[in-house]
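Let me begin by presenting the structure, written as structure tokens, before commenting on it.
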Amino acid sequence: MSATAPALTDQFEVAGKVFNSRLIIGTGKYRSHDEMKAAHRASGAEMVTVAVRRVPLDRSSESFLDHLDPSLQILPNTAGCYSAEEAVRTARLAREALKTDWIKLEVIGDQTTLFPDNEQTLDAARTLAKEGFIVLPYFTDDLIVAKKLLDAGCPAVMPLAAPIGSGLGIQNPTNLRIMREQLPDATIIVDAGVGTASDAAIAMELGADAVLMNTAIAEAKDPGKMAEAMKLAIQAGRLAYISGRMSKRLYASASSPVSGVVR
């Protein structure tokens, strides 16, 4: 029991709110509302992201909003926005309809890759932060952009691991490692591209504070089991990171010391 306790009690904080789970989940692509709810329960997540432009915010018709656990922190996102102006307008709509200042900021720059437009993202982040939003921006894994977003007032940054929905896993671990080393006090949440549990564990081993994912769970053959796998992977990766891994060596090193061996 003692070996797993640190991962289970090791909390992280965003804008003064403390979370026990370092897994953030989504709501899209599930085959049914029941499947989504089962996956959410299995994940142990405490925050869920909601695409503002893809749901009836006035509750005029049934949607996944009607099936969310009320204990979850809702994180509206500006998915589908292609300009700072559009993203800001969507964030304001989300705040009015969902009664929250939290926003996951997405400003897409390319329809094929869904890579973010960092310039437009930074512009929107500055505007929204001044308006009192808790801005969690999605951006490419760029250290300089991360610094600018933090300077703009974002309480956390969300670099991508790979293109949205690709399931390719961590494509540039070096950039994430550098970001962690250069920004030791920043909250870094890896977002987009995770495909399976080992990807989530690697993100945490690189020093991420949390991981946000949707497709990897929703498109699994058994989303509930994959959600549980992701929960355990994130706990394991975090525990490995704070434990401090051994250094890599080119040659073998005996597990048993030579000194004291009976001759």
Side-chain angles (χ1 to χ4, degrees), residues 7-30 33 35-57 59 63-79 81 87 90-106 124-125 128-129 131-139 149-150 153-159 164 186-192 194 200 203-204 208-218 223-224 227-228 230-231 233-235 238:
L8 297 176
T9 60
D10 178 42
Q11 301 170 320
F12 89 108
E13 182 179 316
V14 179
K17 183 160 185 174
V18 176
F19 297 91
N20 294 301
S21 171
R22 292 173 179 268
L23 172 58
I24 304 170
I25 48 177
T27 49
K29 301 184 179 180
Y30 286 97
H33 296 317
E35 190 175 69
M36 180 193 74
K37 288 189 288 186
H40 285 186
R41 286 194 299 269
S43 73
E46 297 169 311
M47 191 187 312
V48 59
T49 184
V50 171
V52 177
R53 302 185 64 184
R54 294 170 184 162
V55 292
L57 295 177
R59 306 296 179 97
S63 73
F64 57 76
L65 285 175
D66 302 302
H67 296 270
L68 293 180
D69 186 326
S71 68
L72 290 169
Q73 168 67 55
I74 291 183
L75 178 63
N77 71 57
T78 62
C81 293
T90 302
R92 290 169 179 162
L93 175 64
R95 179 162 63 181
E96 180 67 25
L98 298 175
K99 309 304 179 185
T100 179
D101 292 327
W102 291 64
I103 194 75
K104 179 193 171 189
L105 177 61
E106 293 183 32
L128 292 172
E131 294 183 9
F133 282 90
I134 297 168
V135 184
L136 307 186
Y138 161 72
F139 68 111
L149 288 166
L150 291 169
C154 299
V157 290
M158 306 180 76
I164 292 173
T187 298
I188 300 173
I189 303 171
V190 169
D191 178 22
V194 168
M204 298 305 295
D209 293 287
V211 179
L212 188 153
M213 66 183 74
N214 180 69
T215 307
I217 295 176
E228 184 175 6
M230 292 298 189
K231 175 180 70 175
I234 284 176
Q235 290 176 356
R238 174 63 180 175

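What you see below is based on every heavy atom in this structure, not just the backbone, and it leaves out hydrogens, waters and symmetry mates.
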>> Apply side chain to side chain contact (heavy atoms under 4.5 Å, CB included) to residues Val194 and Val211 and explain how you reach the verdict.
In response: CA-CA 9 Å; Val194 168; Val211 179; 3.9 Å; yes
Pairwise side-chain contact, [X] with [Y], heavy-atom cut-off 4.5 Å (strictly under):
X	Y	value
Phe12	Asn20	no
Leu68	Met36	yes
Val190	Met204	no
Ile24	Ile189	yes
Arg22	Arg238	yes
Met230	Ile217	yes
Gln11	Phe19	no
His40	Ile25	yes

Give, for atom [atom1] of [X] and atom [atom2] of [Y], the distance between the pair rounded to the nearest 0.5 Å.
X	Y	atom1	atom2	value
Leu128	Glu131	CG	CD	6.0 Å
Leu136	Asn77	CG	CG	10.5 Å
Lys29	Asn214	NZ	CG	6.5 Å
Arg95	Trp102	CZ	CH2	14.5 Å

> Which is it for Val157 and Thr187 under the side chain to side chain contact (heavy atoms under 4.5 Å, CB included) test, yes or no, and what are the steps along the way?
Replying inline: CA-CA 6 Å; Val157 290; Thr187 298; over 6 Å; no
> Side chain of Asp191, backbone of Tyr138: donor and acceptor closer than 3.5 Å?
Replying inline: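 No: the side chain of Asp191 does not pair with the backbone of Tyr138.
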> Does Thr49 use its side chain to pair, donor to acceptor, with the backbone of Gly26 at less than 3.5 Å?
Replying inline: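 Checked: no pair found.
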> With sequence neighbours left out, what residues match Ser21 under side chain to side chain donor-acceptor pair (under 3.5 Å)?
Replying inline: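 For Ser21 there are no side chain to side chain donor-acceptor pair (under 3.5 Å) partners, ignoring immediate neighbours.
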> With Ala125, which residues qualify under side-chain contact (heavy atoms from CB on, under 4.5 Å), at least two apart?
Replying inline: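 So Ala125 forms a side-chain contact (heavy atoms from CB on, under 4.5 Å) with Leu105, Val135, Leu149, Cys154.
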>> Show the nearest heavy-atom pair for residues Ala227 and Ala39, with the distance to one decimal.
In response: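 Heavy atoms only, the tightest pair is CB-O, 3.2 Å.
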> How far apart are the closest heavy atoms of Ser43 and Leu23, and which atoms are they?
Replying inline: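 Looks like CB-CD2, 3.6 Å.
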> Between Asp69 and Lys37, does at least one N-O distance fall below 4.0 Å, as a salt bridge requires?
Replying inline: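 Answer for the salt bridge query: no.
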> Do Met158 and Ile188 pass the side chain to side chain contact (heavy atoms under 4.5 Å, CB included) test, and can you show the C-alpha distance, the side-chain angles, and the key distance before you say yes or no?
Replying inline: CA-CA 6 Å; Met158 306 180 76; Ile188 300 173; over 6 Å; no
>> Test of understanding: with salt bridge (Lys or Arg N to Asp or Glu O under 4.0 Å), list the residues that count as partners of Glu35, not counting sequence neighbours.
In response: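 Glu35: salt bridge (Lys or Arg N to Asp or Glu O under 4.0 Å) contacts with Arg31.
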> For Lys17 and Ile134, what are the C-alpha separation, side-chain angles and deciding distance, and is it a side chain to side chain contact (heavy atoms under 4.5 Å, CB included)?
Replying inline: CA-CA 11 Å; Lys17 183 160 185 174; Ile134 297 168; over 6 Å; no
